[in-house]
Structure formats: C-alpha cells, structure tokens
Protein chains: 2
Amino acid sequence: MQPVTIKTIAEQLGLSIATVSRALKDSHEISQATREKVKQAALELGYQPNVNASGLRAGSSKTIAVMVPEVENHFFSQVISGIESVAREYDYHVLIYLTHEDPKKEEAFAHLLGNGRADGLLISVTHNKNGYAHLNRLSQAGFPMVFFDRLVEEVEVPHVCTNNEAISYEATSLLYQRGAKKPAFLGLDPDLFITRTRQAGYQRAVEQFDPGAIPLLFAGSGKPAQDLPRLHAFFKEHHPDGFLGAAESMALLLYELGSQENFQIPKDYQLISFTNLSAVPFLHPSLTAIVQPAFEIGKEAAELLFKVIKKKKIYPAERKRILPSCIRLAASLRASKG
Amino acid sequence: MQPVTIKTIAEQLGLSIATVSRALKDSHEISQATREKVKQAALELGYQPNVNASGLRAGSSKTIAVMVPEVENHFFSQVISGIESVAREYDYHVLIYLTHEDPKKEEAFAHLLGNGRADGLLISVTHNKNGYAHLNRLSQAGFPMVFFDRLVEEVEVPHVCTNNEAISYEATSLLYQRGAKKPAFLGLDPDLFITRTRQAGYQRAVEQFDPGAIPLLFAGSGKPAQDLPRLHAFFKEHHPDGFLGAAESMALLLYELGSQENFQIPKDYQLISFTNLSAVPFLHPSLTAIVQPAFEIGKEAAELLFKVIKKKKIYPAERKRILPSCIRLAASLRASKG
DNA sequence: TTTACTTATGCAAACGTTTACGCGGATTTT
DNA sequence: AAAATCCGCGTAAACGTTTGCATAAGTAAA
C-alpha cells in the first residue's frame, strides 16, 4: 500500500496537483465546489501531507528540539511537559536529546541541528570546560535558541531561569536561623551557571551570619556513583551541620549519605535542597525543598522560542526572564510554625 | 547567511552535485583524490545534509516517535531514557508525544504519524473506551509499531511488558503474610492492560488466602485531584488494611491519603505499590515497591522496533517480551528480616 | 463587437538529495 | 590495431509540495 499523495487525489478527481494543493489550503483562487470535493476526497483517502516535502519546500520542519542532561529528574521532566504543552498549541513537534552530562554529546547534537530537522532549540547545558563554541556557532548562524535554567551568559541568547542567588541566600539564612553553625553547599561544577549563582547566594548568607567563615563547598558531577564516596570524604573532613543542595541530584545524594552516616535530622543536621520531587512531603528525615516552577519555565521558554522562530519583536526585558522559586518547608517545621 | 548545500561544495570545487553526493558517501565510483577534496570542503564549510531532502528522497526520516501518558513519572522517564540510548546507537532521533491520559490526543497524534515524520512508534496507551482503531489502522498500513507496558492485545503488534500477574500475586501474598486481612487493589481503568493483569494477580492471591472474599477494587483516573476525594470515600466505605497500588500515580495518592487519615504504617496498614521513584527508600511511612526494569523495557522495545523498521526477522518468541519486575522491601522490613 | 478584467485552473520550476544511465578517455584484451 | 573493459564523472529524473505565471472561459465595460 503506497502512501496517498496530492497526486492521488488529483488523478482521482481529474484535477491538477496545483489545484488540489491550493484547495487544501483554502485558497480563494479555487471555487467553493472544487475545494469541497478535494477536501472530501482527502478525508476519504486519509491523505496526510508529507512533511519532508513541505518542509523541504518551506525550509522549515514544524519541530523544536529540547536538549537536557537527563530526563529521570523531576525538574527536567516537568520542564519538558511545559514545553510540550506550548508546542502542541503551535502545532509543533518535539525532539528530545539527552546529554547525560557529557559535553561531547551536546556538541555532537548541536552539530546535527543545522540540517533542517528542527526550527529551534531549547537547551539546558552541561558543563563544558572547553566552552560553548558549538552553541555560539549555531546561534550566530541564526538558529533560534533559548536557554533555560542552566544557561550560558557568553552566548547572546534569550533565557528563562529562576532567582537563584536570592533563593539560595534565603535558604542558607534559614539554615543558620534553625541553628546550623557550619552549613555546606553541594553543587555541580562551579562553572555551571546554576552552581555559580546559587553558590553566590550561599556565600552572601555565610558572610552575613558568620563573617570571615570559610565556605564549605562540594562540587559533584551529578552522577551518584561518583559523587557519593567523595561526599563521604567531604563530610568526614569538614563535619558540616547543615546542607544546601543546589541540584535535584544532590537531594538524593544527601539522603544516601544520611542513611549511611546515620544522620539525626533535623536534630543534628539541617537539610535544604533544590528539588521538584513530588514525594518530598513524605521523605524522612524531612527535607525543606526549593521548588522551581518547572512547568512554567518550560512554557515560558517555549513561548520565547516561538517568538524568535516567528521573528516577533522581543523586548530587552523579555530576553532575561526570571521566575521565582519557592521554599517549601519540611512538614516538621510547618507543624512547629503553625 | 544561506545554508551550505551540496551545490555550494560542487560550485566551489568545480564538480557536479552528483560527484559531491557520491564522494560524501564514499562511493567507489569516485577517485580517492576527489573524495578527499570534497570531504575537506564539506568540513570547512560546515556542510550538513538537509534531512528533508534526503528524507523525501529515501522515504524515511531517521526518527522514531514515543507516545506516553506523561513524562513526570519515573517509570516513563526511565523508559524514554532507555529508548533514547538505543535510538542514539542507530543514529535515530526521538520525538515525544504526551497524551496526558486523553484518548483524543492519542488519536490525533496517531493520525499525524502517517506523514513521514517518523519511521516507527513506541507507545504505552491511554485508556480509550472507544477502542484502538487508530492504532490498528496505523499498524495495518504497515507503520512499524511496538507497545510497551500499557499494551493493547487486540492490535497485532510486538510488545514488551513485565510479569504483571505474577508479581501482583506475589505482592498481594506479601500483604497477607504481613498480617493484612482486607487488602485493597488500587488501579487505573480496569480495561487497561496493566490494570487488568495486575488485578488478576491480586484476585488470585485473595482467592487463595481468603477464599470467597470480595475483592476491594478502586479504579482511579491517574489524576490526583480527581482521585484523592474518591479514594477517601473508598477508604471510609471499605476500611481496607493494606494496599496494592498498581501504578506509580497510586503510590503518591496513597501517601496523600495516609497523611490526611493519619495512617500508622506499617502498624495499621501495609503499603505496596508499583513505582520507580528513586526516593522510595527514604519515604515515610515506608513503602514496599514493585520496581519495573524501566530502562531495559525502553531498550528492548526500541531494539524490537528497529528490527521491525529494518525488516529483520522477528521470531514469534520475541514478539511478546516479558521482563520481570522485582519487589524491593521497605527498609523497616529489610531490617527485621536481616 | 472589441477590450478589459475577473475567476478558476493548469504548467512548470523550485526546495536538496540520491541514483540510473550515459559518455568520454584510458587501459587492457584479442 | 580494433574491440572490450573499466574508471571517473556528468546529466537528468525523481521524491511530494508550493507557488509564480500563463491561460482559458466567462463577465463587464466601452
């Protein structure tokens, strides 16, 4: 069974393919009667326009690409969901690329995008010690692109992120207020935007609550198997009494550590982490979560990307969109507060 | 800056586009010298073959589609990750479609796939009281397709799933062995494959441990906002003392219920649920999890799909692939066991 | 009746690739 | 030396769609 094309319809109705094409697009050049006949036939034959043909002709694909480090992560999966909802509104399709924190993969994927497969890219980058020339090249070539969450400031592209510095400051302050004396910061690579900004908030709080203190900084890879032993060593060396996890992967890592070291939380240790896990309220020991508006980030980033794709005017203020995160207190603290 | 095509290279080197095309594909018809010149030029110019053009020509897209109810769910996100890893091996791209448990969306998406955008489909269906004619049509038309997890037996398509009946029987037995007298089954729509098979396992155990007892069955929609009040009513009416959650969404629902009804678990209630949440070991009250090999399911399903796409022989035994789930005891029980 | 203009349709080119076929020229075979 | 073979490359058609231009018929204006 060969596919039904515009030609099939044309032959069946004794019309030219040009007429059929125009009729299907409701062109005013075609008579009402013909238009209806064509549409009827298309429906009956189950005609579906070939996307490669129209894409080739139009130079577009009605597809956007999403590149993220991983999808087994509530933050990213919620972002993807937000992106998908907007894409659907615009009748666009969504390609996903998982970099698994491997900069080589990110470069390879970026290289693949210049070929008409996608009309734009939404990306949350992976740490790359060699910089982001691959993204700069893409952007310079006029390829529509928007960063979210893990952005790259050197690349001149609109972005959507959260109030990292402020919320981290607030969270660290909370650690001190609850009695922590030596709170530690657990981040990913310090060069990564989210680590840098969140660490800045942490450090500002440290300076304020404990002037002159040396910040306790742990830099993870995002891969539990690698990070756990290193976190253990970090713990043994510095004996922190509170933690700010600056990424979702850090939250689980802390729990692994806690269960092995037999933490008494919140008696001995205060735990706060960025995380979008929906099970947070039921975790034990309880966790205070910094929740990012992931779904909205996805939506806003996608809306922004479509503005770029459709070449709509983007006001300078829109180019750097900042959505606020919120701190969701652990159940134990909520109770003692009420 | 217009895109660099095969023509650009041809003009620059004074060759025909045919030669360039062949040289890029390492055709033996082209001299070594020319081949190298062409490749060098392609590299310098950053040439990327236009996928619409080659796709149109070849009638393929090097893309597969994945259709799932949602992505904010560890099971599905792990499956997607598994799929993506295989797709990458085959140099294929991955489109995602989220149905959000809406059969209308599933039908609409299925209708979109006949147009050359994807070469195959991996799908975990949504309950549809009108049946699955849309999938049957696609499959009948020769579109490569593989089901995973939520499959449809009426549609003659290979699938990958887990030992639903057996593991549910085992889990329900465990509920009884731990002292439950009236365990309840929480599933999605009873017509859905996973609900039906898991329920069968539950009922077999009920028959065995408490012959003649009436099974306590709750049918949820998968949307917490709708399900929670109904689950409350169910709880008040039947007073079950144990639960088997037959889907990841049921696990969280149980915790919501538990926190509102102030469950004492496992003193008063036994909790077992299908779930791939990585935070399970840290949940309180503790949960015994039925963990599906999600990543492997994704991998196997994708491998199967590629066999279909590449028209390789698929032995009857391969058409129904069953991977075993495993029961991960709650920490409290592990301790008392050790 | 001729001219001008509208309406409905067809022709053909173009998007970028791939590939069957053909054609010179060099090399080998008879 | 003529014939056959082969190498390296070019010409052109095809994939399915869209669209500028042409054209035919019909209608209105002069």
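Just so you know, these numbers use all the heavy atoms, side chains as well, and skip hydrogens, waters and symmetry mates. To find a chain, count down the sequence lines: A is the first, B the second, and so on, and within it residues start at 1.
Partners of A/Glu36 according to the side-chain hydrogen bond (donor to acceptor under 3.5 Å, both in side chains) rule, which considers only residues two or more places apart in sequence or in another chain, are A/Gln32. In terms of the side-chain hydrogen bond (donor to acceptor under 3.5 Å, both in side chains) criterion, B/His159 has no residue partners (sequence neighbours excluded).
Using modelled atom types and a 3.5 Å distance limit, the side chains of A/Arg35 and A/Ser27 yield no donor-acceptor pair.
The salt bridge (charged side-chain N to carboxylate O under 4.0 Å, His left out) analysis of residues 73-98 of chain B, with sequence neighbours excluded, yields the pairs B/Glu84-B/Arg88.
Here the P atom of nucleotide C/dA8 and the CG atom of A/Leu24 are 17 Å apart, to the nearest Å. Between A/Asp26 atom CG and C/dA8 atom C1' the separation is 15 Å, expressed in whole Å.
Applying a 4.0 Å cut-off to non-hydrogen atoms, the residues of residues 34-42 of chain A that approach DNA chain C are A/Thr34, listed by residue number.
Contact between the side-chain N/O atoms of B/Ser31 and the OP1/OP2 oxygens of D/dG8 is not found at any separation under 4.0 Å. Residue A/Ser16 places no side-chain N or O under 4.0 Å from the OP1 or OP2 atom of C/dT9.
Evaluated for a side-chain contact (heavy atoms from CB on, under 4.5 Å) with A/Leu305, the options A/Ile83, A/Ile64, A/Leu121 yield exactly one hit, A/Ile64.
A distance-only check finds a donor-acceptor pair linking the side chain of A/Gln48 to the backbone of B/His111 [under 3.5 Å]. Remark: the backbone N or O of B/Thr19 is paired with a side-chain donor or acceptor of B/Ser16 at under 3.5 angstrom.
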Grab the N/O contacts between the protein and nucleotides 13-17 of chain D below 3.5 Å, and write none if there aren't any.
unit_1	atom_1	unit_2	atom_2	d
D/dG16	N2	A/Ala53	O	3.3
D/dT17	OP1	A/Tyr47	OH	2.5
D/dT17	OP1	A/Asn50	N	3.3
D/dT17	OP2	A/Ile6	N	2.7

Tabulate atom names and distances for all N/O pairs under 3.5 angstrom spanning the protein and nucleotides 20-22 of chain D.
unit_1	atom_1	unit_2	atom_2	d
D/dG20	O6	A/Arg22	NH1	3.3
D/dG20	O6	A/Arg22	NH2	3.0

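A/Phe75 and A/Phe148 have tilted rings, their planes meeting at an angle from 30° to 60° on a 0 to 90° scale.
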Going through the distances and angles, do A/Phe147 and A/Phe193 end up as a ring-ring contact (aromatic ring centres under 6.0 Å, His included)? CA-CA 11 Å; A/Phe147 286 123; A/Phe193 176 79; 9.5 Å; no
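Cation-pi geometry between A/Lys313 and A/Tyr315 is met: the NZ or CZ atom falls under 6.0 Å from the ring centre, inside 45° of the normal.
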